[in-house]
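Following: one structure in structure tokens, then a few remarks.
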Amino acid sequence: MLISPGHQRFFMTPRDQPLPLYIESIGYNGNQEKVSRTAGYPYYHWLQTVKGAGEFKLSGTSAIVGETSGILLPPNLPHEYARVQNEWETIYITFGGSQCAAIIDSLGLGEADIRQWETDSPLSDYGQHVLSSIGSDQDLSGLEASADMYRFLILLKKHGMTGNRSSISQAVARLAPLLAFMEEHYGDPDIGLEQMACIIGISSRHMNTLFKQSFGITAYSYFILLRIRKAKEMLTGSMELTIKETAARAGFRDASHFVATFRRIEGATPEQFRNLY
């Protein structure tokens, strides 16, 4: 979605500030000027290159922010930036909220790193989408802008890459054949890490790295959670199944191990869980 050249800036009104997440300002610079903030900015600040490139300096280091890249700064962090080519077009968003810091930390976005993404990523034009929607919608409560901001952070978490690390979306795509295999063979108790790693042709160590990046847990932990989810579906959908039969169908070698694992994860025994439904 294209936006008109020029400098556009939209401020949310004070009534929006009690929201867990709100946009303080958003804008497009068709000719990004040099900026120096010795005391930083009082809100979280996202700066994204639309065209050209700029140099960002903070904490004694510098980095180039080119196309399909941007940087998210925490509040009050001293920084400066300026274009390094004849033109540098940018989009910026500043935002805050009562739960903003907690949301940022939970998504692992707290570090001021350059984040890059693939050309066809939704991140490429999402900022322009938000800017256009704010300019045209009658969002008097600020709720739509708040939802847009949360969606943006999720996209940044999913598609943004730092350094040589792949994005979550890339990691999940790499794991897709194995995830499908797990869905089909969760009932087989003999499946181990080496067999799972062979499905996608990588080492078990690399496989665990991809799982931790994508889901925050190891491949084995993911497989156990999948089995427990399947067991919950059986417990509520097939009332005639015994606990022992459910355990076997869900890939557990014996009922006692199944009950102990289920209680640890769900905080209740399989029988107690079934009685809730």
Side-chain angles (χ1 to χ4, degrees), residues 9-29 32 35-49 54 56-63 65 68-81 90-117 121-124 126-131 133-134 137 139-163 165-169 171-172 212-217:
R9 189 177 180 97
F10 302 86
F11 292 90
M12 300 296 103
T13 59
R15 64 175 175 273
D16 297 321
Q17 296 188 8
L19 290 171
L21 196 64
Y22 65 88
I23 296 177
E24 185 255 350
S25 68
I26 181 171
Y28 164 71
N29 275 318
Q32 177 64 60
V35 172
S36 179
R37 299 189 178 102
T38 57
Y41 194 78
Y43 293 88
Y44 283 92
H45 180 204
W46 168 255
L47 185 73
Q48 171 183 336
T49 294
F56 220 97
K57 296 181 180 180
L58 70 160
S59 304
T61 63
S62 64
V65 183
T68 65
S69 67
I71 186 169
L72 178 59
L73 297 173
N76 307 313
L77 179 66
H79 62 270
E80 61 179 272
Y81 50 89
T90 65
I91 282 180
Y92 68 86
I93 309 175
T94 63
F95 59 98
S98 60
Q99 298 300 314
C100 186
I103 293 171
I104 292 290
D105 289 343
S106 68
L107 293 174
L109 299 174
E111 297 295 327
D113 292 324
I114 302 293
R115 299 184 181 272
Q116 300 173 307
W117 52 88
S121 165
L123 276 172
S124 292
Y126 193 74
Q128 299 179 46
H129 159 74
V130 175
L131 183 55
S133 66
I134 288 178
D137 291 347
D139 185 20
L140 299 181
S141 67
L143 293 176
E144 292 297 331
S146 179
D148 283 338
M149 192 67 239
Y150 184 74
R151 174 62 176 164
F152 170 77
L153 293 176
I154 294 297
L155 289 175
L156 188 60
K157 172 67 174 179
K158 183 177 180 180
H159 296 276
M161 299 173 281
T162 58
R165 296 184 62 187
S166 60
S167 68
I168 289 178
S169 62
V172 171
K212 287 180 179 179
Q213 183 181 351
S214 301
F215 307 108
I217 55 177

> Taking atom OG of S121 and atom CG of L156, what is their separation to the nearest 0.5 Å?
Replying inline: 9.0 Å
> What residues form a ring pair (Phe, Tyr, Trp, His ring centres under 6.0 Å) with Y126, not counting sequence neighbours?
Replying inline: H129
> Taking only residues two or more places apart in sequence or in another chain, which ones pass side chain to side chain donor-acceptor pair (under 3.5 Å) with H45?
Replying inline: none
> Does any non-hydrogen side-chain atom of P78 lie less than 4.5 Å from one of T38?
Replying inline: no
> So how far is it from I104 CD1 to Q99 CD, rounded to the nearest 0.5 Å?
Replying inline: 12.5 Å
> Is the closest side-chain donor-acceptor distance between S25 and T94 under 3.5 Å?
Replying inline: yes
> Shortest non-hydrogen contact from L123 to G160?
Replying inline: CD1-N, 4.0 Å
> Taking atom OH of Y41 and atom CG of L47, what is their separation to the nearest 0.5 Å?
Replying inline: 12.0 Å
> Going from CG on L19 to OH on Y150, what distance comes out if it is rounded to the nearest 0.5 angstrom?
Replying inline: 14.5 Å
> Mind checking whether H79 and I71 have side chains closer than 4.5 Å, heavy atoms only?
Replying inline: no
> Just how far is it from atom CG of D105 to atom CD of E111, taken to the nearest 0.5 Å?
Replying inline: 9.5 Å
> Below 4.5 Å, heavy atoms only, C-beta onward: do F56 and L73 meet side chain to side chain?
Replying inline: yes
> Taking only residues two or more places apart in sequence or in another chain, which ones pass side chain to side chain donor-acceptor pair (under 3.5 Å) with Q48?
Replying inline: W46
>> Looking at every heavy atom in both L77 and A112, which two are closest together, and how far apart are they?
In response: CD2-CB, 3.9 Å
>> Using side-chain heavy atoms (C-beta onward) and a distance below 4.5 Å, is T90 in contact with Y81?
In response: no
> Looking at I91 and G127, what are the two nearest heavy atoms and their distance?
Replying inline: CD1-C, 3.9 Å
> Are any non-hydrogen side-chain atoms of I93 and Y44 less than 4.5 angstrom apart?
Replying inline: no
> What pair of heavy atoms forms the shortest contact from S36 to E80, and how long is it?
Replying inline: CA-CB, 3.8 Å
> Just by modelled atom types, is the R115 backbone N or O under 3.5 Å from a matching donor or acceptor in the T162 side chain?
Replying inline: no
> What are the two closest non-hydrogen atoms of A171 and S214, and how far apart are they?
Replying inline: CB-OG, 3.2 Å
>> Could you tell me if the side chain of L72 sits less than 4.5 Å from the side chain of F95, heavy atoms only?
In response: yes
>> As an exercise, state the distance from NZ of K158 to CG of L153, rounded to the nearest 0.5 Å.
In response: 14.5 Å
>> So which atom in Y92 and which in Y28 form the shortest heavy-atom distance, rounded to 0.1 Å?
In response: CE2-N, 4.2 Å
> Can you tell me if T49 uses its side chain to pair, donor with acceptor, with the backbone of V65 under 3.5 Å?
Replying inline: yes
